[in-house]
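Taking it in order: structure first as structure tokens, then the write-up.
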Amino acid sequence: MENIKEYIESGILELYVLGQLSPEEKLQVEEMTAKHTAVKAEIEDIERSMELFAEEHALEPSEGLRSKIMGSMVTNLGDDRTFTKSHTRTEEIFEDDERDADNVVIMPARQTTFFKYAFAACLTLLVISVYGLVTMYNKLQDTNTQLTAMQLDKQKIANEASFKDKELDIYRDTIYRVLKLKGTAKAPSAAMTLAWNTVNKKIILDMKSIKLPDHDKQHQYQLWALLGGKPVDLGVFDAANSVDTSGMKEMKAIAAADAFAVTIEPMGGSVNPTITEMVVSGASK
């Protein structure tokens, strides 16, 4: 290639310094170096630039990392010596080794120094890259956690809104008969509201409106319907702040009733109501 400038700008000299050329390409560069001082000067400038870059960006490895690298080098050196000893048989082999040694090409000191700094620079960039990836991963995990929390909050708000709509529908729907049960002589200040669906016969308690006397852990409230003077069990329930209930609670359905009442009964309910433990009652009309 006659145009020396184009040859220098082709990038082949940088690949030569980095040792990335094939033997044929390397020989071509060396021939051009011998013929043209501009090519030789450019190679020297490239080597100096890379050495300066490596020195500027090199970091001193930590004591632990230095110990690991030195230990690895000592181990490899020991393996090489053992390998050499295992192949030492006769003086004839030693003579062959000496002849082979004559063919070994010793790298220039400048190129060896360049690769040392290049290795240090690559190692530093690797450590920085790993640190960046770890930091990015941790931030991504934090973002995912926050996103999950936001989704849970959104679902909670949606559930509460849906419940409010359902609660309002009960009071607005004409098929529901809203009944106010008042306190008895045992609990004069007690009160409770229930909604009775005249179509599907469901009974729904408004747990937020309940004002009933407290009971111990061995007892529960039990709802009764009175029909023709006979009590009908409609199920047991606990206070509004119990984990067993929330907002509106559906009880057993009943087609007809003259009145409703609530008594305090043993856990699980009773077959017949304990009249002395009646806390609220009210007519169905």
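Reckoned from all heavy atoms, side chains included, excluding hydrogens, waters and symmetry mates.
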Taking all heavy atoms of Lys252 and all of Ile203, pick out the closest pair and write down the distance.
O-CG1, 3.5 Å

What are the two closest heavy atoms between Leu234 and Ala253, and how far apart are they?
CD2-O, 4.4 Å

Side-chain heavy-atom pair Asp206, Met248 within 4.5 angstrom cut-off:
yes

Can you see which heavy atom on His219 is nearest to which on Asp216, and at what distance?
ND1-OD1, 2.6 Å

Quick one: do Trp224 and Val236 end up in the same hydrophobic cluster if we chain Ile, Leu, Val, Met, Phe, Trp and Tyr together by side-chain heavy atoms under 4.5 Å apart?
no

With a 3.5 Å distance limit and no angle check, can you tell me whether Thr193 reaches the backbone of Ser209 through a side-chain donor-acceptor pair?
no

Given side chain to side chain contact (heavy atoms under 4.5 Å, CB included), test Ile264 with Thr274 step by step and report yes or no.
CA-CA 7 Å; Ile264 298 177; Thr274 305; over 6 Å; no

Quick check: does any side chain N or O of Thr33 sit under 3.5 Å from a backbone N or O of Val39, one acting as donor and the other as acceptor?
no

Rounded to the nearest 0.5 Å, how far does CG of Leu194 lie from CG of Leu205?
6.0 Å

Can you find a heavy atom in the side chain of Tyr221 that is under 4.5 Å from one in the side chain of Ile210?
no

Measuring from atom NZ of Lys202 to atom CH2 of Trp196, what distance do you get when rounded to the nearest 0.5 angstrom?
15.5 Å

Hey, are the side chains of Gln222 and Asp233 touching, using non-hydrogen atoms and a 4.5 Å cut-off?
yes

Say whether Leu227 and Leu179 are linked into one hydrophobic cluster, either directly or through other cluster members, by side-chain heavy-atom distances under 4.5 angstrom.
no

Shortest non-hydrogen separation from Ser281 to Thr184 and the atoms involved
OG-CG2, 4.1 Å

Minimum side-chain heavy-atom gap Leu27-Glu24 below 4.5 Å:
no

Please examine the side chains of Phe260 and Val280, heavy atoms only from C-beta on, and report whether any two atoms are closer than 4.5 Å.
no

State yes or no: do Leu223 and Met278 share one hydrophobic cluster built from I, L, V, M, F, W and Y residues joined by side-chain heavy-atom distances below 4.5 Å, directly or via other members?
no

May I ask you to check whether over 12 heavy atoms, not counting those of Lys182, lie within 6.0 Å of atom NZ?
no

Can you measure from OG1 (Thr37) to CD (Glu42) and round to the nearest 0.5 angstrom?
12.0 Å

Is there a chain of hydrophobic side chains (I, L, V, M, F, W, Y, each step under 4.5 Å between heavy atoms) that links Ile46 to Ile4?
yes

Quick check for you: to the nearest 0.5 Å, what is the distance between Gln141 atom CD and Asn144 atom CG?
5.5 Å

Check whether any side-chain heavy atom of Met267 lies under 4.5 Å from a side-chain heavy atom of Gln218, and answer yes or no.
no

Which heavy atom of Ile254 sits nearest to which heavy atom of Ala225, and what is that distance?
CD1-CB, 3.4 Å

Criterion side chain to side chain contact (heavy atoms under 4.5 Å, CB included) on Tyr16 and Glu30, from CA distance to verdict:
CA-CA 9 Å; Tyr16 173 78; Glu30 291 173 350; 3.5 Å; yes

Going hydrophobic residue to hydrophobic residue with side-chain gaps under 4.5 angstrom, can you get from Leu15 over to Tyr7?
yes

I want to check something: taking the side chain as every heavy atom from C-beta on, are Ser189 and Lys211 in contact at a cut-off of under 4.5 Å?
no

As an exercise, state the distance from OG1 of Thr143 to CG of Asn138, rounded to the nearest 0.5 Å.
10.5 Å

Once you round to the nearest 0.5 Å, how far does CG of Asp238 lie from NZ of Lys249?
8.0 Å

Please report the closest heavy-atom contact between Ser284 and Ala257, naming both atoms and the distance.
OG-O, 2.7 Å

Counting C-beta onward and ignoring hydrogens, is there a side-chain heavy-atom pair between Pro231 and Leu226 closer than 4.5 Å?
yes

If you look only at pairs with a residue in residues 262-285, which of them pass as a ring pair (Phe, Tyr, Trp, His ring centres under 6.0 Å), with sequence neighbours excluded?
none

